[in-house]
Enquirer: 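Have a look at the structure that comes next, please.
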Amino acid sequence: MTRPRDLPRRLAATLAVLLLCGVGADAADNKDSIDGRVPLPRPAKGKGESCIEPTASMRRYHMDYLAHQRDETVRQGIRGRKYSLKECVACHAVPEPGQEEAKTLTVEPFCGQCHTYAAVRIDCFECHTDKPVDKARRTGWQAPPQKESRRARLGAHLGALERSP
Amino acid sequence: MKMPPSPPANNTVDGARRRLLAGAAAIATLSLAPGVVLITAAEAKAPTGPASAKVRWGLLVDSAKCGDGCDVCVDACRTENGWTGHGRPRTDPQWIRMVSLREPAGGASWTLPMMCQHCRFPPCVDVCPTGASFRRADGIVLVDKHICIGCRYCMMACPYNARSFVHEDVAEQRPHAPRGKGTVESCTLCVHRIDAGGIPACVEACGRAGGGALTFGDLNDPDSEIARRAAAYAAVRVRADLGLDPAVRYHIPGRAAKR
Amino acid sequence: MKRVRFQEIQGRGAGYRAVLGVLALLILGGLGAAYYMEHFGHAVTGMNNRIVWGTPHVFAVFLIVAASGALNAASVSSVFGRTPYQPLARLSGLLAVALLSGGLMVLVLDLGRPDRLIVALTSYNFKSIFAWNIYLYMGFFAVVGAYLWVMMERRMNRFAKPVGWFAFLWRLVLTTGTGSIFGFLVARQAYDAAIMAPLFIAMSLAFGHAILILVLMLACHCAERPLGDALVRRLKNLLGVFVAAVLYFVAVQHLTNLYAAEHHGFERFILAEGGIHTVLFWGGQVVLGGLVPLALLFHPATGGRRGAVGLAAGLVVLGGLAQVYVIIIGGQAYPLVLFPGMEPGSGFLDGAIASYAPSLPELALGISGVAIALMMVALGVKVLPFLPRTLADAPAGPDAPPADTGTGAEAARATEPA
């Protein structure tokens, strides 16, 4: 049994071990994915020579650029200025991981890498399409199921509810 | 890219707008060139807006030309804005719907499309706690889904049942019409087309494949077709008793009873 | 002058823990239901584009309205100087805060985007009564919190009366705001009437007071604290007045509507042909929630019996839920009149009565609001001295003339448990 006065010491020791592990993890992350650890984000390069702002600024301030312009667009109808979520998607959409041959492109893996790493949840693509504009235009609007799994489950679920007495 | 001072930009857009509306030839051109082309052209040019209070966009519905069973406008809206149903009529979105009216005594009947009426004094905007429901300077009533919390008070307040709550996950949104679960949505008057100098998808489709029952334009411009026709018809404002001054007006002429 | 001594309850018995356990399960059920609704979307509920507010809102509005009424005992004591109510003032404040918390939780968890709640606190439209209510609700917590503090902190007792006044006025404004959520809806036949505000105030008095009676009886029974007959008699007489007031406002509301041909359709729906709504109106709201309690409270055969008073209070609560259901669901089920005098129709059920069936998750969420409120009370009376040691009738008799100050200040001087 641990005697009460040992407790603080044990806690301190545990804390120290945890801290060391944390430092170790930091060091390890300088390489790519070490098994089990969150891999460093490696977002693919977008189309064209460079982004509309230097990469460092984009990484730091993209949300501010977008949020500011979003209000102007929604509230005043100012469209076609420098920053645009549509243009982000147009340049940075990539095939779904593991489906490199698929024709549909999505920007979610590009955004998702850093956002998963930084644990910052975005909900842009709950409403906005994550697919490039041109693609949607060329193919016309069809409804190939993307978030289909949950929708399908909802359908099945509601069907079951209706059948149940 | 420099932003030109707003009045000239608006005048240009309005001018283009009026020219497009001027005659049947213009409508034919529009029907040949889908809205996406207009948008592309606009994107390549100067930024649009800001929306000007000098104009007030409106719609005139001539129910005499609105054929029984015709729902071209509804289909066009659905395709343009990407709101499809899932076979659950009570929870499916409904930006625009066909309403039939019957005179109880005579049996005369009409059909007409019902959608957001883009009121000058919109109750949905009054009641919205966060200001997500708002009225643009040019009279278009919209939902800013970025700050909509999904309380549905606007749906309680709307006299026209014009708003829908997104009851389930949405996929494959149109790029210009973001929509998502848990927020409220309604007719935007195809604001993305209007900003680019175009006309709403329903109006375009009705002119091409329907009865030509819809006229779009600037109610503030006495020379515009919509203003002239609205004046000539003494067009009806639905629930005029509420004094909301909707921008969608209806011409409901007498019609002989069927059978 | 009678000194009231307050004391925490023991709260160690198996019964107490069982109560907490059941409440915790109900709360978990509600949270699970909320997660389920957010995960799949509101398609899994009974709510739809015609009935946009459903069972969660019935519970939420009921609880919020009752919260304001639960403060009655405190107001009657501090503002109107009736000392017999003074021992109940603390419990009354606690119950008010608890009921409001439960109601707001239900309201918030039903939002389409509860994750954006912060937006409701940062982005305001000051023309919206909803936005005003956010201030009124938050303010209610602060005001009642301060009120409890000045009642419980001996050095602050002298402020009990002014703070009590402020709380009294605040709750009137708050319920006016809640009623006006409906009163300001210009478009709907069922609402759009100034009477919604006073009607809601009367409802708040009745519902909140009934809940206070039930909670008080239950707490005194479980904690084995005496509860005097004279006090129960006072409480029941007050409840009778409140129930009669609700019936009066309901009668005025419907008589006014019946006078106007414009509203005949809606009145026919609620009063005669509305199916479940008609049943709930007459059977639930008027008879079970109004006439039967009045009879139980004032009939010589039952009026003096504690069981009858408890039953009456319970019926007022059930009748209140029925009333809020008829107001919220019935008001939406009746179609909007777009073209008066015409017969409309569409795939969207224009012109038709909208149907609605409460779903299990909605019910679970609503009930969890009640459970939250009761949990807060159960924990509150354990950790702080909210309950008097005894509520037995004072030897001088409850009808003794009120003390000169009439506030809780004097009486609460010796309040710390020994």
Side-chain angles (χ1 to χ4, degrees), chain B residues 71 86 88-94 97-104 109-111 114 123 125-134 145-161 163-170 180-184 236 238-239 241-244 252, chain C residues 38 40-45 47-53 57 107-108 110-117 119-120 122-134 181-182 184-188 191 331-332 335-351 354-356:
Chain B
D71 59 355
H86 315 291
R88 299 188 262 281
R90 281 148 34 99
T91 53
D92 282 344
Q94 191 81 260
R97 65 188 193 271
M98 295 308 297
V99 174
S100 65
L101 296 176
R102 213 170 63 84
E103 165 60 46
S109 64
W110 298 261
T111 56
M114 180 56 60
V125 172
D126 290 345
V127 302
C128 177
T130 67
S133 279
F134 68 100
K145 295 180 185 96
H146 300 111
I147 58 170
C148 172
I149 55 173
C151 74
R152 285 105 84 203
Y153 196 22
C154 56
M155 298 175 70
M156 293 289 280
C158 175
Y160 309 104
N161 264 338
R163 292 199 157 183
S164 303
F165 181 63
V166 183
H167 281 81
E168 50 194 287
D169 272 320
V170 178
K181 180 176 74 178
T183 56
V184 172
V236 174
V238 180
R239 288 304 305 270
D241 58 319
L242 296 175
L244 306 174
I252 306 181
Chain C
E38 301 311 331
F40 281 120
H42 278 59
V44 295
T45 70
M47 290 178 273
N48 52 61
N49 282 326
R50 280 284 308 276
I51 307 287
V52 300
W53 285 355
H57 301 81
L107 206 57
V108 163
D110 176 77
L111 290 178
R113 298 293 309 247
D115 52 321
R116 286 194 190 148
L117 186 61
V119 172
T122 55
S123 175
Y124 275 107
N125 166 26
F126 283 100
K127 202 179 174 185
S128 165
I129 188 69
F130 237 41
W132 278 92
N133 279 344
I134 294 171
I181 289 175
F182 300 95
F184 288 0
L185 288 176
V186 294
R188 302 216 175 228
Y191 311 128
Q332 296 174 82
L336 287 164
V337 181
L338 289 185
F339 297 91
M342 301 274 227
E343 283 178 7
S346 78
F348 198 53
L349 300 168
D350 277 278
S355 64
Y356 169 78

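Proteins get letters first, then strands, A, B, ... in listed order; numbering begins at 1 in each. Just so you know, these numbers use all the heavy atoms, side chains as well, and skip hydrogens, waters and symmetry mates. Just so you know, these numbers come straight off a predicted model, no measurement behind them.
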Enquirer: Would you mind checking which part of C/Leu338 comes under 4.5 Å of any heavy atom in chain B, side chain (CB onward), backbone (N, CA, C, O), both or neither?
Expert: both
Enquirer: Which bit of B/Pro123 is near chain C, if near means a heavy-atom gap under 4.5 Å: side chain, backbone, both or neither?
Expert: side chain
Enquirer: Salt-bridged, B/Glu168 to B/Arg88, with N to O below 4.0 Å?
Expert: yes
Enquirer: Are any side-chain N or O atoms of B/Trp110 and backbone N or O atoms of B/Ile252, one a donor and one an acceptor, separated by less than 3.5 Å?
Expert: no
Enquirer: Quick check on the interface: out of B/Val238, B/Asp126, B/Ile147, B/Asp92, who has the most heavy-atom pairs with chain C under 4.5 Å?
Expert: B/Asp126
Enquirer: Who wins among B/Ser133, B/Pro104, B/Pro89, B/Ala132 for the most heavy-atom pairs under 4.5 Å with chain C?
Expert: B/Pro104
Enquirer: With no hydrogens and no angle check, just 3.5 Å: does a side-chain donor-acceptor pair link B/Arg90 and C/Ser355?
Expert: yes
Enquirer: Give a yes or no on whether the backbone of C/Ile181 and the side-chain of B/Tyr153 come within a donor-acceptor separation of less than 3.5 Å.
Expert: yes
Enquirer: Using a cut-off of under 4.5 Å on heavy-atom pairs, state which of C/Pro114, C/Ala120, C/Gly112 scores highest against chain B.
Expert: C/Gly112
Enquirer: Parallel, tilted or perpendicular: which fits the ring planes of B/His167 and C/His42, with parallel below 30° and perpendicular above 60°?
Expert: perpendicular
Enquirer: Relative to chain C, which of B/Met155, B/Arg152, B/Arg102 shows the most heavy atom pairs under 4.5 Å?
Expert: B/Arg152
Enquirer: Where does C/Tyr191 contact chain B at under 4.5 Å (heavy atoms): side chain, backbone, both or neither?
Expert: side chain
Enquirer: Heavy atoms only, distances under 4.5 angstrom: which of B/Pro129, B/Gly131, B/Cys158 has the most pairs with chain C? Name it, please.
Expert: B/Pro129
Enquirer: Report yes or no: does C/Asn125 contribute a side-chain atom to a donor-acceptor pair with the main-chain N or O of B/Val125 at less than 3.5 Å?
Expert: yes
Enquirer: Is B/Asp241 close to chain C through its backbone or its side chain, or both, or neither, when contacts mean heavy atoms under 4.5 Å?
Expert: neither
Enquirer: Relative to chain C, which segment of B/Ile149 carries a heavy atom at a distance below 4.5 Å: side chain, backbone, both, or neither?
Expert: both
Enquirer: What's the spacing between B/Met156 CE and B/Arg163 CZ if we round to 0.5 Å?
Expert: 14.5 Å
Enquirer: Counting heavy-atom pairs under 4.5 Å with chain B, which one of C/Val186, C/Asp110, C/Thr45, C/Leu107 comes out on top?
Expert: C/Asp110
Enquirer: Counting only heavy atoms closer than 4.5 Å, note whether C/Leu111 contacts chain B via side chain, backbone, both or neither.
Expert: both
Enquirer: Can you tell which of C/Ala131, C/Ser123, C/Ala354 has the highest number of heavy-atom pairs within less than 4.5 Å of chain B?
Expert: C/Ser123
Enquirer: Determine the option with the most heavy-atom pairs under 4.5 angstrom with chain C, choosing from B/Gly180, B/Ala157, B/Pro159, B/Pro93.
Expert: B/Pro159
Enquirer: Under a 4.0 Å N-O cut-off, is there an ion pair linking B/Arg97 with B/Asp71?
Expert: no
Enquirer: Checking B/Asn161 side chain against C/Arg50 main chain: does a donor-acceptor pair fall under 3.5 Å?
Expert: no
